[in-house]
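The sequence lines fix the lettering, A, B, ..., with proteins before strands; numbering per chain opens at 1.
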Protein chains: 2
Amino acid sequence: MRIGELSRLTGASRRLLRYYEEQGLIVPDRRANGYREYDDRYVDRVNQIRGLLDAGLPTRIIKQILPCLDKPRSIHFPDATPEMLALLTAERDRLTERIDVLIRNRDAMSEYLTEVAGCRALTPGGSHGTPNSV
Amino acid sequence: MRIGELSRLTGASRRLLRYYEEQGLIVPDRRANGYREYDDRYVDRVNQIRGLLDAGLPTRIIKQILPCLDKPRSIHFPDATPEMLALLTAERDRLTERIDVLIRNRDAMSEYLTEVAGCRALTPGGSHGTPNSV
DNA sequence: TGAAACCTTCACATAGGTGTGATGGTCAAG
DNA sequence: CTTGACCATCACACCTATGTGAAGGTTTCA
């Protein structure tokens, strides 16, 4: 498929797909006329990239760990230098810490919402104009 | 305490502390001479801000939800407009999604590392710089 | 043949968090 | 007083992920 199609399938703008390529995250083939040609697996790949970006990892890091997370990697993980493994381990641990922080914050939000909901239940009075009792 | 101390305690640069203030996330008192005066609770507060920022929330949103997560909030959560609650709920859900993505990626990394470790165990030949056995 | 829809590259712009330096005030110790 | 450590404000700079537009080639369809 060409870039427009992939853009539609992934939600990433064409610009962004070119950017990911520029950053070395994806390496599409080229047709004779210069058009980029993407095979189907790029859909998953791009989604994964976006997930990692959204997770706060910079492209520089994603570029390095992505080969490890490749689709049906099961059997043929060939290139695993010790540095690679160290990096991956470190990033995984960082990710875990980050996850913990997020969970704590999420739980604090939930807790607050629960409390407010409980409070709400006790004050049947209309909500809007009157700030809310308590 | 003054800004330098808080900076030391939180790891946030002075610049950043002023930035958070500029964004309305913290509102320290001022001494007669203009110096910012922070009370102890700002340490937790700043840490929480950094956690949320790291979580990908923009200051604009943090500013809004922070009052809800305030420390001993237990009893006196006074100002909870419906919009506020909706925003908080939405952000919490976004956060949950984000957490899920992170967990999936983290698990993929762990899985890969486990596989490689298993593979390693089978090839006793010291690889490169004798990384570190398993 | 020409218009529409797609593609290319290049380059400048923006937004958010953060670094850094200039310039100057405050305060405590020698 | 002066020195040094702290503080203040202001402003310019950076990085990274993105948007956007210009100028031009290709393909498709009428």
Side-chain angles (χ1 to χ4, degrees), chain A residues 1-39 42 45-66 91 94-95 98 101-102 105, chain B residues 1-39 42-43 45-66 87 91 94-95 98 101-102 105:
Chain A
M1 76 188 77
R2 283 168 304 169
I3 199 171
E5 174 86 0
L6 184 61
S7 171
R8 252 169 260 119
L9 291 178
T10 60
S13 69
R14 292 148 219 246
R15 170 67 172 88
L16 231 15
L17 293 174
R18 297 194 186 104
Y19 174 71
Y20 296 158
E21 177 179 349
E22 187 186 310
Q23 300 303 306
L25 302 184
I26 49 183
V27 188
D29 290 341
R30 294 296 183 126
R31 293 186 176 174
N33 56 15
Y35 287 15
R36 291 169 176 82
E37 176 66 26
Y38 300 89
D39 99 35
Y42 278 100
R45 179 123 177 167
V46 168
N47 283 330
Q48 183 156 37
I49 289 171
R50 310 206 85 203
L52 290 167
L53 275 175
D54 196 53
L57 302 198
T59 55
R60 166 179 43 90
I61 299 293
I62 296 177
K63 177 180 175 178
Q64 298 190 70
I65 68 182
L66 208 49
E91 284 303 325
R94 275 170 48 79
L95 204 44
R98 196 191 211 81
V101 171
L102 292 184
N105 277 295
Chain B
M1 76 187 77
R2 283 168 304 171
I3 200 171
E5 174 86 358
L6 184 60
S7 171
R8 253 169 260 119
L9 291 177
T10 60
S13 70
R14 291 149 218 245
R15 169 69 173 85
L16 234 14
L17 293 173
R18 298 194 186 105
Y19 175 69
Y20 296 158
E21 177 179 350
E22 186 186 312
Q23 300 304 305
L25 302 184
I26 50 183
V27 188
D29 290 342
R30 293 294 182 129
R31 293 184 178 175
N33 57 13
Y35 288 14
R36 290 170 177 82
E37 176 67 26
Y38 299 90
D39 100 36
Y42 278 100
V43 177
R45 179 122 176 163
V46 168
N47 284 330
Q48 182 157 37
I49 290 171
R50 310 206 86 205
L52 289 167
L53 276 175
D54 196 54
L57 303 198
T59 54
R60 167 179 42 91
I61 298 293
I62 296 177
K63 178 179 178 179
Q64 299 191 70
I65 68 182
L66 208 48
L87 172 70
E91 284 303 326
R94 275 169 48 80
L95 204 44
R98 195 188 213 83
V101 170
L102 291 184
N105 278 295

Checklist entry - Does A/Asp54 use its side chain to pair, donor to acceptor, with the backbone of A/Arg50 at less than 3.5 Å? => result no

Item to check | Separation of C/dT18 C1' from B/Asp54 CG (nearest whole Å) | outcome: 14 Å

Item to check | Test item: A/Leu52 and A/Leu66 side chains (from C-beta on) under 4.5 Å apart, heavy atoms | outcome: yes

Checklist entry - C/dA5 C1' sits how many Å from A/Glu5 CD, rounded? => result 14 Å

Item to check | Under 4.0 angstrom between A/Arg36 side-chain N/O and C/dC7 OP1 or OP2 | outcome: no

Item to check | Integer-rounded Å distance: C/dC7 C1' and A/Arg8 CZ | outcome: 12 Å

Checklist entry - Nearest-Å distance, CD1 (B/Ile61) to C1' (C/dA15)? => result 15 Å

Checklist entry - Side-chain N or O of B/Thr59 less than 4.0 angstrom from OP1 or OP2 on C/dG17? => result yes

Checklist entry - From C/dG19, D/dT18, C/dC7, pick the nucleotide closest to the side chain of A/Ile3? => result C/dC7

Checklist entry - Quick one: is D/dA11 close enough that its OP1 or OP2 comes under 4.0 Å of any side-chain N or O from B/Arg18? => result no

Checklist entry - Counting side-chain heavy atoms from C-beta on, which of C/dC7, D/dC6, D/dG19 comes nearest to A/Arg15? => result D/dG19

Checklist entry - Roughly how many Å is it from CE in B/Met1 to C1' in D/dC6, rounded to a whole number? => result 16 Å

Checklist entry - Rounded to whole angstrom units, what separation is found between the CG atom of B/Leu17 and the C1' atom of D/dT9? => result 16 Å

Next on the checklist: Please determine whether a side-chain nitrogen or oxygen atom of B/Ser13 lies at a distance below 4.0 Å from atom OP1 or OP2 of C/dG19.
Outcome noted: yes

Item to check | Beyond-backbone contact of A/Asn105 with B/Leu57, side-chain heavy atoms, under 4.5 angstrom | outcome: no

Checklist entry - Are A/Glu22 and A/Arg18 side-chain neighbours, meaning at least one heavy-atom pair lies under 4.5 Å? => result no

Next on the checklist: What is the distance, to the nearest angstrom, from the CZ atom on A/Arg50 to the C1' atom on D/dT16?
Outcome noted: 14 Å

Item to check | Closest to side chain of A/Leu53, choosing from C/dT18, D/dA17, C/dT8 | outcome: D/dA17

Checklist entry - According to a strict under-4.0 Å criterion, is B/Asn33 in side-chain N/O contact with OP1 or OP2 of C/dC27? => result yes

Checklist entry - Rounded to the Å, how far apart are A/Glu21 CD and C/dC7 C1'? => result 13 Å

Checklist outcome for this item: Checking C/dC7, C/dG17, D/dA8 against the side chain of A/Arg2 (C-beta onward), the nearest is C/dC7

Next on the checklist: On DNA chain D, compare the nucleotides closest to A/Gln23 and B/Gly4; which residue's is nearer the 5' end?
Outcome noted: B/Gly4

Item to check | Phosphate contact (C/dG17 OP1 or OP2) by B/Tyr20 side-chain N/O below 4.0 Å | outcome: no

Checklist entry - With a 4.5 Å limit on heavy-atom distance, are the side chains of A/Leu17 and A/Tyr42 in contact? => result no

Next on the checklist: When you measure from the side-chain N and O atoms of B/Tyr19 to the phosphate of C/dT18, is any distance below 4.0 Å, counting only OP1 and OP2?
Outcome noted: no

Checklist entry - Out of D/dA8, D/dG25, C/dT18, which nucleotide sits closest to the side chain of B/Arg30? => result D/dA8

Next on the checklist: If I take atom OG1 from residue A/Thr10 and atom CD from residue A/Glu5, how far apart are they, to the nearest 0.5 angstrom?
Outcome noted: 10.0 Å

Checklist entry - The side chain of A/Arg14 lies closest to which of these nucleotides: C/dC6, D/dT16, D/dC6? => result C/dC6

